[in-house]
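Worksheet: one structure, shown below.
Order of the sequence lines fixes the chain letters, A, B, ..., with proteins taken first and strands second; residue numbering starts at 1 for each chain.
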There are 2 protein chains.
Amino acid sequence: MQQCCVNILHMKVTRNTAAKGAILDLITNSDSALSHSEIHKLTADLCDRVTIYRILDRLVNEDVIHKIVNLDGTIKYAKCHHANHVHIHNHVHFSCEKCLKVTCMENVQPSYIIPRNYKVNDVNFTLSGLCPNCL
Amino acid sequence: MQQCCVNILHMKVTRNTAAKGAILDLITNSDSALSHSEIHKLTADLCDRVTIYRILDRLVNEDVIHKIVNLDGTIKYAKCHHANHVHIHNHVHFSCEKCLKVTCMENVQPSYIIPRNYKVNDVNFTLSGLCPNCL
DNA sequence: TTTTAAATGCAACAATGTTGCGTTAATATT
DNA sequence: AATATTAACGCAACATTGTTGCATTTAAAA
Ligand SMILES: [Mn+2]
Ligand SMILES: [Mn+2]
Ligand SMILES: [Zn+2]
Ligand SMILES: [Zn+2]
């Protein structure tokens, strides 16, 4: 009765499927964060469009991948490379205006001072401009 | 031949209209950032849905208001209260998970160190959690 | 192998954002 | 004040994105 994966919020057992594995591989091996539509195009007929939404939600809730909100409002998905499993996702993301790639900068963690009467649960720091490849 | 307002990117003359004035007032007097749909509801029959999109774009391009991308990908609009006109918009935004309000924290400006081979043009820092009213 | 319920496909729907075009009206010019 | 210019508008039509319900399939525990 070994459980392979769980939704860390609801402590509900989840399952591994072919589509889930393929999408996770895609995200893991990508050098930039991917949106739903990008994944949809890259996977062709792997599975239904709705299934991709559900798989992405599942992977996020399992804390395997994380969401990044791009400056135009599009949501992208990436996999952290650091080891810690349950994590506050407090690093910077860079959104290149030319090649349109969004990348995690896991070693850039901004510091800020916020009044004590706020409780911070999550963080989304995005810088945009030109990446090294496009500069 | 005094020009009232211009698109600062294209240096093109823009015009003031009743709908534009009303929407700017709404945003100026709001204590939190507003989305297109919120503005649409608040203005009732002021103008067409499409016109609101175009007015918001115009106000952003005139550098009168600014966009804030919320953690769920929804885009909100706010007006800075500081004086400087053309500005890098580098302050933090706070997104409350309970009351769902998004507010500018103009005096919170994070510091970060990014490699020199990146060129930063814009910044979007959003914190989410509980605001003082909801804590 | 059997059981169970998570995951899927599909259809239908809702929300959000975009484009083209004929008309209206803000503003500069006369 | 009248006129000319063209930005802004309304409307319809469309595209994209995300959601929900339900019957069927299938991963994985028993
Ligand atoms: Mn990241
Ligand atoms: Mn702001
Ligand atoms: Zn680039
Ligand atoms: Zn609140």
If you look only at pairs with a residue in residues 7-23 of chain B, which of them pass as a side chain to side chain donor-acceptor pair (under 3.5 Å), with sequence neighbours excluded?
N7(B)-H10(B), T14(B)-E62(B), N16(B)-K20(B), K20(B)-E62(B)
Taken to the nearest whole Å, CD/E38(A) to C1'/dT16(D) is 14 Å
State the CD1-CE distance between I114(B) and M105(A), to the nearest 0.5 angstrom.
4.0 Å
Quantify the bending of the helix from dT1(C)-dA30(D) to dT30(C)-dA1(D) as the angle between its end axes, each fitted on five pairs, to 10°.
40°
N/O-N/O pairs, protein side and nucleotides 7-12 of chain D side, under 3.5 Å:
from: dA7(D); atom 1: O4'; to: R15(B); atom 2: NE; distance (Å): 3.2
from: dA7(D); atom 1: O4'; to: R15(B); atom 2: NH2; distance (Å): 3.4
from: dA7(D); atom 1: N3; to: R15(B); atom 2: NH1; distance (Å): 3.1
from: dA8(D); atom 1: OP1; to: R15(B); atom 2: N; distance (Å): 2.7
from: dA8(D); atom 1: OP1; to: R58(B); atom 2: NH1; distance (Å): 3.4
from: dA8(D); atom 1: O3'; to: R58(B); atom 2: NH2; distance (Å): 3.2
from: dC9(D); atom 1: OP1; to: T17(B); atom 2: OG1; distance (Å): 2.8
from: dC9(D); atom 1: OP2; to: R58(B); atom 2: NH2; distance (Å): 2.3
from: dG10(D); atom 1: OP2; to: D48(B); atom 2: N; distance (Å): 3.0
from: dG10(D); atom 1: OP2; to: T51(B); atom 2: OG1; distance (Å): 2.3
from: dG10(D); atom 1: N7; to: R54(B); atom 2: NH2; distance (Å): 3.2
from: dG10(D); atom 1: O6; to: R54(B); atom 2: NH2; distance (Å): 2.7
from: dC11(D); atom 1: N4; to: R54(B); atom 2: NH2; distance (Å): 3.4

Of all residues at least two apart in sequence or in a different chain, which pass the side-chain contact (heavy atoms from CB on, under 4.5 Å) check with E106(A)?
C80(A), H81(A), H82(A), H91(A), C104(A)
Of all pairs that satisfy salt bridge (Lys or Arg N to Asp or Glu O under 4.0 Å), the ones with a partner from residues 25-39 of chain A, not counting sequence neighbours
D31(A)-K101(A), E38(A)-K76(A)
Got a sec, which residues hit side-chain contact (heavy atoms from CB on, under 4.5 Å) with K67(B), two or more places apart in sequence or on another chain?
V60(B), I75(B), Y77(B)
By side-chain contact (heavy atoms from CB on, under 4.5 Å), which residues pair with T43(B), not counting sequence neighbours?
I23(B), L26(B), I39(B), L46(B), I52(B)
Taking only residues two or more places apart in sequence, or in another chain, which ones meet Q109(B) in a side-chain hydrogen bond (donor to acceptor under 3.5 Å, both in side chains)?
none
At a heavy-atom distance below 4.0 Å, what parts of residues 68-79 of chain A sit against DNA chain D?
none
What pairs meet the salt bridge (Lys or Arg N to Asp or Glu O under 4.0 Å) rule with one or both residues in residues 124-135 of chain A, with sequence neighbours excluded?
none
Please table the atom pairs, donor to acceptor, closer than 3.5 Å between any side-chain atom in residues 124-135 of chain A and protein atoms at least two apart or in another chain.
from: N124(A); atom 1: OD1; to: T126(A); atom 2: OG1; distance (Å): 3.2

Residue pairs, two or more places apart or on separate chains, that pass salt bridge (Lys or Arg N to Asp or Glu O under 4.0 Å) and touch residues 46-56 of chain A
none
